[in-house]
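Lettering of chains follows the sequences in order, A, B, ..., and the numbering in each one begins at 1.
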Protein chains: 2
Amino acid sequence: MDLDLRKLRYFVAVVEHRHFGRAAEQLYITQPVLSRQIRAIEQELDCTLLERTTRRVELTPAGKQLYQEAQGILAAVAAAVQRVHDADRGTRRLVVAFSPGLHVADAIRAFAQRHPDVETDVVPARWWEPDASLRDGRSQVGYLRRPFDESGLHTIPIGQDPRVACMPAAHPLARRDELTSADLDGERMLDVPRRRTSSLEEKFELIASGQGIALVPRSVARSYSRPDLAHRPVTDAPAIETCLAVLADRRERLVRDFLEIATATLRRT
Amino acid sequence: MDLDLRKLRYFVAVVEHRHFGRAAEQLYITQPVLSRQIRAIEQELDCTLLERTTRRVELTPAGKQLYQEAQGILAAVAAAVQRVHDADRGTRRLVVAFSPGLHVADAIRAFAQRHPDVETDVVPARWWEPDASLRDGRSQVGYLRRPFDESGLHTIPIGQDPRVACMPAAHPLARRDELTSADLDGERMLDVPRRRTSSLEEKFELIASGQGIALVPRSVARSYSRPDLAHRPVTDAPAIETCLAVLADRRERLVRDFLEIATATLRRT
DNA sequence: GCCGTTGATACCTTCTCGGCATGGATCTCG
DNA sequence: CGAGATCCATGCCGAGAAGGTATCAACGGC
């Protein structure tokens, strides 16, 4: 049982390049070393992670799983080192994750005023796994849009985000002030993208180019507003809830204070 | 940035014992090695983690933080390995770990008959950490000899293994049919070996060469029986318990079925 | 003040990691 | 269809890290 962080890094590199030689180059080691290290992981885990021919490198199910796990672990280690340094310097630090479109500046400002000694930072939450940075420790608090995996988290609903239909500005429906889901029947709808590599920009690009219409949270539509796109409320679509989230076992003073200040800020507005 | 999982484990051990020597003993390494590894972590993180005098070992704030972080990371790694194995076993597969000398063939045969589609396999459990393969996911069920770390495990006692004294065949005590612990007073006893590289074969070799006598479970003595060794029951030595063990949170169908079949097999014999 | 305990240091051994050379399989192209 | 290019695997070697033994130095208890 000797799973090494170095080996995990190697594995991640190979997966991302789908190519031993190039991965080795990026890692500043030679290809044979990489081959042997990957094989070592496979032996330690006693399972095949990569199907490799001289022509292509493909992930097995176990490999796919390990790739995910490795990313999380490496991120967690990096965050941990950061926090150890913070603890050593006596500086206290709070990182807030936020789903695209949600505004955290007010709360952060209020918090910073109350705790001038605490360093604050924000990181974007990836929409396909909004809770990831909370779980791997890169952030302590999240302003997240539901749904996400809430197991092990303490969540405080803070608002509703109505869904709007986002379409090309020239679309016939854009002449209406508001829509119902019935109006969208027969329109080509863009689903939630499956691949996590696809960004929201990509999605709006598709919409603008006339590939279809998408239902998105209003706050997202607003942040990405552009002249060639229109968004109109869909009155009968269920709104998307947004909430504050923290790890359930992370109840230190700093985090509790932030939650309090954040909810107070909300009430004031 | 060369934070190693091994070093994290070392650090956790030192923190939990608040004592380098005892931690080293638990880790099956020597104390100087541990001292150096801890210092290496401190250099890599560029901060002091432990205040140590010859009399006490105390945590600094950074050390306290790293202790928390390390626990989380190690747990995360273990869980990750577990999930990779699960992903790999899309094909259904059950691996049974067994302490040396315990017989699992009957149960496996019965299980294989009932589940012809499930691949079965056995792996030996290393005596110094019989539960390791359960925890790291290489096995799902164990036939293990106590004692071992049962935290997080569900265990079902399945029998007693009386202790026998194992000695050279020519030893005076070998002329007796059974012994008591009083008979062993004054004999040189071979302790449980410290180094985890030492095998049972090695131990029996030592006994045969006249280095001493050892108390071992009867089933072990039987599996390793050889003409130049004799083993005699020690009537008043507490018997060693054997049990079935599974991870407490591993209650899937396959595992439950195996436990049922295994206990039924035991009752029949 | 002496002795036992405990962590640190010095020195040696062993094993893993990384590099280089090369083999063997597969795809491409003439 | 065969020659060449590409790319991962294997064998062997050197350097460095990890582990062991012996010993020192500091601190506490009596």
Taking the side chain as every heavy atom from C-beta outward, state whether [X] and [Y] have any pair of such atoms under 4.5 Å apart.
X	Y	answer
A:Ile29	A:Tyr10	yes
A:Gln140	A:Arg83	yes
B:Val122	B:Val95	no

> For A:Thr60, what residues pass the side chain to side chain donor-acceptor pair (under 3.5 Å) criterion, not counting sequence neighbours?
Replying inline: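 Not a single residue meets the side chain to side chain donor-acceptor pair (under 3.5 Å) criterion with A:Thr60.
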>> Quick check for you: to the nearest 0.5 Å, what is the distance between A:Arg89 atom CZ and B:Cys47 atom SG?
In response: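 Result: 10.0 Å between the selected atoms.
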Can you check the [X] [atom1] to [N] [atom2] distance for me, whole Å?
X	N	atom1	atom2	value
B:Glu58	D:dC27	CD	P	16 Å
B:Leu5	D:dA17	CG	P	18 Å
B:Leu27	D:dG20	CG	C1'	15 Å

> Just the endpoints, please: which first and last nucleotides of DNA chain C, 5' to 3', lie under 4.0 Å from a heavy atom of chain A?
Replying inline: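 Contact span on the strand: C:dC17 to C:dC27.
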>> How bent is the helix from C:dG1-D:dC30 to C:dG30-D:dC1, measuring the angle between the end axes built from five pairs each, rounded to 10°?
In response: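 Answer for the end axes of this duplex: 30°.
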>> Under the rule for salt bridge (Lys or Arg N to Asp or Glu O under 4.0 Å), what residues qualify as partners of B:Asp236, not counting sequence neighbours?
In response: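 None.
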>> Between B:Glu44 and B:Lys7, does any NZ, NE, NH1 or NH2 come within less than 4.0 Å of an OD or OE carboxylate oxygen?
In response: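 Yes, charged N to carboxylate O under 4.0 Å.
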> Are B:Arg138 and A:Asp46 close enough for a salt bridge, meaning some N to O gap below 4.0 Å?
Replying inline: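 No, no charged N to carboxylate O under 4.0 Å.
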>> Looking only at the side chains, is there a donor atom on one of B:Ser219 and B:Arg145 sitting less than 3.5 Å from an acceptor on the other?
In response: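 Checked: B:Ser219/B:Arg145 side chains pair up, N/O donor to acceptor below 3.5 Å.
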>> Can you build the contact string for nucleotides 6-11 of chain D? Use B for base contact, S for sugar-phosphate-only contact, and - for no protein heavy atom under 4.0 Å.
In response: BBBBB-
> Can you name the residues that form a ring pair (Phe, Tyr, Trp, His ring centres under 6.0 Å) with B:Phe258, not counting sequence neighbours?
Replying inline: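 B:Phe258 satisfies ring pair (Phe, Tyr, Trp, His ring centres under 6.0 Å) with B:Phe111 once adjacent residues are dropped.
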> Phosphate oxygens OP1/OP2 of D:dG19: is one of them under 4.0 Å from a side-chain N or O of B:Tyr10?
Replying inline: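 For D:dG19, OP1 or OP2 has a side-chain N or O of B:Tyr10 closer than 4.0 Å.
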